[in-house]
Each structure stands twice: as structure tokens, then as C-alpha cells.
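Remember, it's a predicted structure, so these values are computed and weren't measured experimentally.
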Amino acid sequence: MCGITGWVSFDRDLTQQRVQLDTMTETMACRGPDAAGTWLDRHAALGHRRLAVIDLEGGTQPMVVPTDDGPVAITYSGEAYNFTELRSELLRRGHRFETRSDTEVVLHGYLEWGEAVAERLNGMFAFVIWDSRVEKLVMIRDRMGVKPLYYSGTDDGVMFGSEPKAILANPLADRAVDLDGLRELVSFTQTPGSAVWCGMHEVVPGGVVTVDRSGLRERRYWTLPTRPHTDDQKTTVATVRELLEDIVSRQLVSDVPRCTLLSGGLDSSAITALAAAKLGRPGEHGEPGEKVRSFAVDFIGREDDFVADDLRSTTDAPYALEVAAHVGSQHEAILLDHAAIADPGVRRAVITARDSPLSLGDMDASLYLLFQAIRRQSTVALSGESADEVFGGYRWFHQPEVQAAQTFPWMAVFVSGARAQVSDRFNADITAALDLPTYIRDRYSDAVGEVERLEGESDHEMRMRVMSYLHLTRFVRMLLERKDRISMAVGLEVRVPFCDHRLVEYVYNTPWSLKTFDGREKSLLRAATADLLPESVLQRVKAPYPATLDPQYTSALLQQSKELLATDDPVFGLVDRSWLEDIARRDSAAMPIDVRNGMERVLDLSTWLDIYRPDLRL
């Protein structure tokens, strides 16, 4: 896992721009703490920061293959989990390799198949190839968008980076955010292709962007397909299990320490159990198996201040411990206190990592601290992220009023016309200019219009297909981006087995009646892993990532808000100061959670403005 960046210019000699390329590359240092590399050609400059995971000695980048017609170079981030099979195929076709890395396999795959190499890859990846033979830049991103990749066009080429900050480090970049950018920051719609900053875009999941002297072109090599599902219940459950075993086996391949994230919920427990079973088997030559390591987050005093609500009826810790004992994992809970979570330095690190004020407050801070602690012991972690989107695990999937709502399902649950997200924070002029209800309605219409209906599909099945599609192409993207940015900020590679495109395609096309065959959420996943897990975990009700309920955390936010009010912070050009003043007069002990979250958002926005100092064209 790495950070990539670079620049193509057809009207200048980029061999004279090493200092600028180094500056862009250095912004990716957290993503790749192990090594740095750059490569310059006359019209192309590639930068790379490396987190060494496979072939620690031989995977140096950017990687270059000389040809009779000129060099072909790659800067690559991610993992191709089927690189061993592809390497064997390429060897049969006459290719020769100097390393054991998947990067070299991808590069030779391009030499053999061109841009179509993307269709042969199984994994999470974002990579850029400069083909000097035809003076063309090729940017490719994985199907589900697990790994990020952004680009910004220039008068004579393009700049790119794993994160916007790499592009913004170039003086040619426009450090401006307009109304549409601000809408994306606060609307929770995650429009494919949007990058918030003016003139900047993301390579869409499953996308290919090429740039040559004739201009820039975009295409998709993969979109979520609609297909008939003919398997019966027994076969479907067996297929899900078979896929999961293969996926986890592939994603455990690593030359560095690996672990799992174990909350005690069904998703992370299933991944941990599958990993434990795989790693516990004796090796080919009789060498003993190993215990999988697992980590969880918890809060000091959690048992004392926990209050069950509609989202969280139980704490995670007892279930995580039960799973760890059941599967024999080496388990550790990372304990956090309110002071660490409320630390402005942690908030600044999170906002810097995300390039955005759109955070989840204490849940992002605790995730950052969790990953930071894990990184001291492991470099690779397998996560249960995305199972709810794939298998229909959220409660709102099963609520008739949400199924019927003509908006994004998560908005039907958490907000009303998005007002709760903005009207209590932004001033009246900004709120009116944003007109978020219209923006969200348009984005929703665009998304629904992408869904292909299966011939003969009932209205209800089609509606549930739409809900699944919205989650798999919008909602999960927000979660994947969050996890990638925060994990890579501390140099931890998080792998997401449930995002394997084979599993996603198979379950997406399974009828809703089969996905809920036992009358509950995630029926297929529960049945497919029933023999691996304790009954208590199999029957446990879905609980989201934990939030701290410590009143001292709220008190710390209140004090920071008062300190902010004593300044002329630029945030008050956007936020209604009187709203925060009213909050600051309240008793923190009686403060509702939504008000606490509002303070978090204002402090996040202030931090973002201070770090990036964007030109707000509103």
C-alpha cells in the first residue's frame, strides 16, 4: 500500500521539475513510510511513497521496463490478490521478472494486455502508467473504489495523486472550493467523480482515464452488473462461503505482520474466524500454523457510562472476547480515554488525513488512535467493512417507510431533507445558496437512473435492488474513503474482503427474498459462517462503530467551542456564530448527542479552513 503522485506536461521539460515532484511526493509520506522514489521523463514525472508489504526488498517504485520504443513506467498503490496466477500466465507468454512484487506483474500485464489488464486484476488498487512509446498516461482504479486516485487537468496535461493534497502541492493547482464542492462536503451523497476542489476529479471506481496530446478521455471497465440469479438457497449459502474462504485466503498473503479488526459483530467475527482457520492449518511442509492477531477499540469507563439506545443495545467488548476465545485469536483491546479523543492535535491529524471537514467526530478520532496503536504491532489488517452494504445489514434496509422513501436511505433515517446536517451550522445566506434539498434530490435521481432492472423483477425486488445499489455505489464509498485515509495516515494497510467484486456481484444479484430468508438481516452471511462462530454472535443485533459517551468528552468540546468563539476564525463566515454561542451557554451534562455532534462539525470545519486555507468561491 502506498501513495502515488505525478504530473504530465506535453509543453515543458519535466526533467527540470524534480524539486516540485519531490514536494508533491512528500505529501504522501504517511501513506508510504518505508521508502520514497521518483522518476522523470521529458513529459512525465512520477512519484511514489512505499509501504512495503510484498517483496520488501524488490518492490521499489516507480518501476520501469525499458522497451525498444521507449520506457514504460508505473507508480502503483494497492494489492493485486491474484498476482501469483497472473505472473504464471505472463511467464508462459514470455515475460521475465526481476522481483516477487505484484507491481511488476501489473506493469508486465499492461505490456501484454494494455489497459485491459484492469479487467484481469482482483484486488484494491490505483495505479498510473506512463507509456513513452505513445506518450500516453493511463490512470486505473479498482472496481469498488477502495484505493483513491485524483487528477486535475492543466493547459498541457494533468496532475494526479492518491490524495488531493499531493495535487494541491503543485502551484498549478486551483486551491478553490465552490458551491458544488461545499455541497459535496456536507451532503453525504458521495457523487462519483467529485473531488470537492475546483478543477479536480477522482478516477471513478472501475474507471480508466487516459491522457495524451489529443486530450483526456474517461471510460469504465466495470460497473455493478445486473444478472439473473438461478441458485437455490443451499447453493447460494455454499457459494458465499466458498467465495469468503478464497477471498480471506488471498488477502492474508503478506510479508509483514497482519491482524484482523474484531468488534464482536457478525462481520468482523466472520473475517476473524475465517482468518484463524486459514492461518491455523499446518504448512505444506508440516510447519505449525499460527494464531491470528485481533484488535478492538474500547473506552475507559465504557461499562459505567454506556446507555443502550436505538443504535447500540450492547457494548462490543464481551462479544469480541467470546469470539477471540472461540477461534483462538491473540486478542487485544485498545483502550482510549476522553482526553486523547478530544485532543485538537488528533482532530488536526484526522482532518489532514481526510483532506475534508466531513468527519465523524469522535468516531474518526478513536479510529485514528486505534489504527495508530495497531500499527505498532501490525502492518496489514483485515476489516469487516462493507458487509452491511453487501448483505443488507442496516436496520433501515428492513423498514418499510425507508424502503418507500424517495431519497438516499441513510438520509431518510438520520436527517430530514438534510436540514439537520446544515441548518444548525451554516448561516442563512450559505444555507440558501447551497439549496441542499435540490442538490440531494438531483443526485438521488442520477443514482437511481443508473440501476438496471432485471426482466420480470417485481416492484419490491427492484426497489431493494435500488437500495442495494445506492449503498454499494455511494454509501460504502464514504466509509471506504474514511477507512483508507485514516489508516494510511499512520501507515496501516486495511484490507476489505467483503469488497471483492466477485462477492459483491454475486450477492447484489441475489433476490432480496433470499438475502432475508430467515426473516433477519444478513441471512446469507449468518448461514455461511454459522459453523465458525458462537451462537451469541450469530444472533447479535447489528451495532455500529462505537462512540464515546463520556461526559468529559462533551465538556472538552464545549471548552474548545468557547475558545473558538473568542476569535475571529474564518469559520464564522460560514457558520452562524449565534448558534454556537447558544450552545456554549448550555450545561454539557445535559447536552443532546446531536448538539454535541454539531460542535464537532464546527471545530472540524475550523480546523480544515486553517490547514488548507481554500479560496471559497461561494
Side-chain ([X]) to main-chain ([Y]) donor-acceptor, under 3.5 angstrom:
| X | Y | answer |
| --- | --- | --- |
| Arg49 | Gly3 | no |
| Thr75 | Val128 | no |
| Glu600 | Asp362 | yes |
| Tyr612 | Thr352 | yes |
| Arg465 | Arg453 | no |
| Ser523 | Lys515 | yes |
| Ser152 | Met159 | no |
| Ser77 | Phe125 | no |
| Arg526 | Glu521 | yes |
| Asp102 | Ala80 | yes |

Do [X] and [Y] get their side chains close enough for a donor-acceptor pair, meaning under 3.5 Å?
| X | Y | result |
| --- | --- | --- |
| Asp604 | Ser359 | yes |
| Ser487 | Glu493 | no |
| Tyr221 | Glu115 | no |
| Gln403 | Trp512 | no |
| Thr27 | Glu163 | no |

Please report the interatomic distance [atom1]([X]) to [atom2]([Y]), rounded to the nearest 0.5 Å.
| X | Y | atom1 | atom2 | answer |
| --- | --- | --- | --- | --- |
| Glu184 | Leu179 | CD | CG | 12.5 Å |
| Gln560 | Thr607 | CD | OG1 | 8.5 Å |
| Asp446 | Arg441 | CG | CZ | 12.0 Å |
| Arg143 | Asp500 | CZ | CG | 8.5 Å |
| Ile167 | Tyr150 | CD1 | OH | 9.0 Å |

Task: Audit row: Ile374, Cys259, side chain to side chain contact (heavy atoms under 4.5 Å, CB included) steps and yes/no - done: CA-CA 9 Å; Ile374 292 174; Cys259 65; 3.8 Å; yes
Open item on the list: Applying side chain to side chain contact (heavy atoms under 4.5 Å, CB included) to Leu244 and Leu525, what does each step give before you reach the verdict?
Closed with: CA-CA 9 Å; Leu244 285 172; Leu525 179 58; 3.8 Å; yes
Min side-chain heavy-atom separation [X]-[Y] under 4.5 Å:
| X | Y | result |
| --- | --- | --- |
| Ile140 | Val203 | no |
| Pro33 | Arg375 | yes |
| Leu454 | His229 | no |
| Leu121 | Asp142 | no |
| Leu616 | Leu574 | yes |
| Leu149 | Ile4 | yes |
| Leu382 | Pro497 | yes |
| Val494 | Asp484 | no |

Task: Derivation of the side chain to side chain contact (heavy atoms under 4.5 Å, CB included) call for Val117 and Phe127 - done: CA-CA 11 Å; Val117 64; Phe127 60 91; 4.3 Å; yes
- [ ] Output yes when Lys147 and Glu79 qualify as a salt bridge under the 4.0 Å nitrogen-oxygen rule, no when they do not.
- [x]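 So Lys147 does not pair with Glu79 through a salt bridge.
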Task: Lys/Arg N to Asp/Glu carboxylate O, Asp316 vs Arg540, below 4.0 Å - done: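 Salt bridge present between Asp316 and Arg540.
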Taking the six-membered ring for Trp, are [X] and [Y] parallel (under 30°), tilted (30 to 60°) or perpendicular (over 60°)?
| X | Y | value |
| --- | --- | --- |
| Phe475 | Trp410 | tilted |
| Tyr394 | Trp396 | parallel |
| Phe408 | Tyr444 | perpendicular |

- [ ] Can you spot which of Arg31, Met488, His48 makes a side-chain contact (heavy atoms from CB on, under 4.5 Å) with Cys2?
- [x]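 The option that passes is His48.
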- [ ] Given side chain to side chain contact (heavy atoms under 4.5 Å, CB included), test Phe397 with Met464 step by step and report yes or no.
- [x] CA-CA 8 Å; Phe397 268 103; Met464 298 316 296; 4.1 Å; yes
Shortest non-hydrogen contact between [X] and [Y], atoms and distance:
| X | Y | result |
| --- | --- | --- |
| Val204 | Pro192 | CG1-C, 4.0 Å |
| Thr189 | Arg474 | O-CG, 3.0 Å |
| Cys30 | Ala489 | CB-O, 3.4 Å |
| Met144 | Leu472 | CE-O, 3.8 Å |
| Arg183 | Ala433 | NH2-O, 2.9 Å |
| Ser383 | Ile271 | O-CG1, 4.1 Å |

Open item on the list: Do Arg482 and Tyr545 form a cation-pi contact, if we require the NZ or CZ to be under 6.0 Å from the six-membered ring centre and within 45 degrees of the ring's axis?
Closed with: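 Output yes; distance and angle both within limits.
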- [ ] Answer yes or no on whether Arg443 is positioned over the face of Tyr439, meaning its NZ or CZ is under 6.0 Å from the six-membered ring centre and within 45° of the axis.
- [x]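 Yes, Arg443 and Tyr439 form such a contact.
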Task: The single option from Glu389, Glu202, Glu385 passing salt bridge (charged side-chain N to carboxylate O under 4.0 Å, His left out) against Arg477 - done: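 Output: one option passes, namely Glu202.
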Open item on the list: Suppose the criterion is salt bridge (charged side-chain N to carboxylate O under 4.0 Å, His left out): which pairs have a residue in residues 350-360, not counting sequence neighbours?
Closed with: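 Residue pairs passing salt bridge (charged side-chain N to carboxylate O under 4.0 Å, His left out), neighbours aside: Lys165-Asp355, Arg354-Asp364, Asp355-Arg485.
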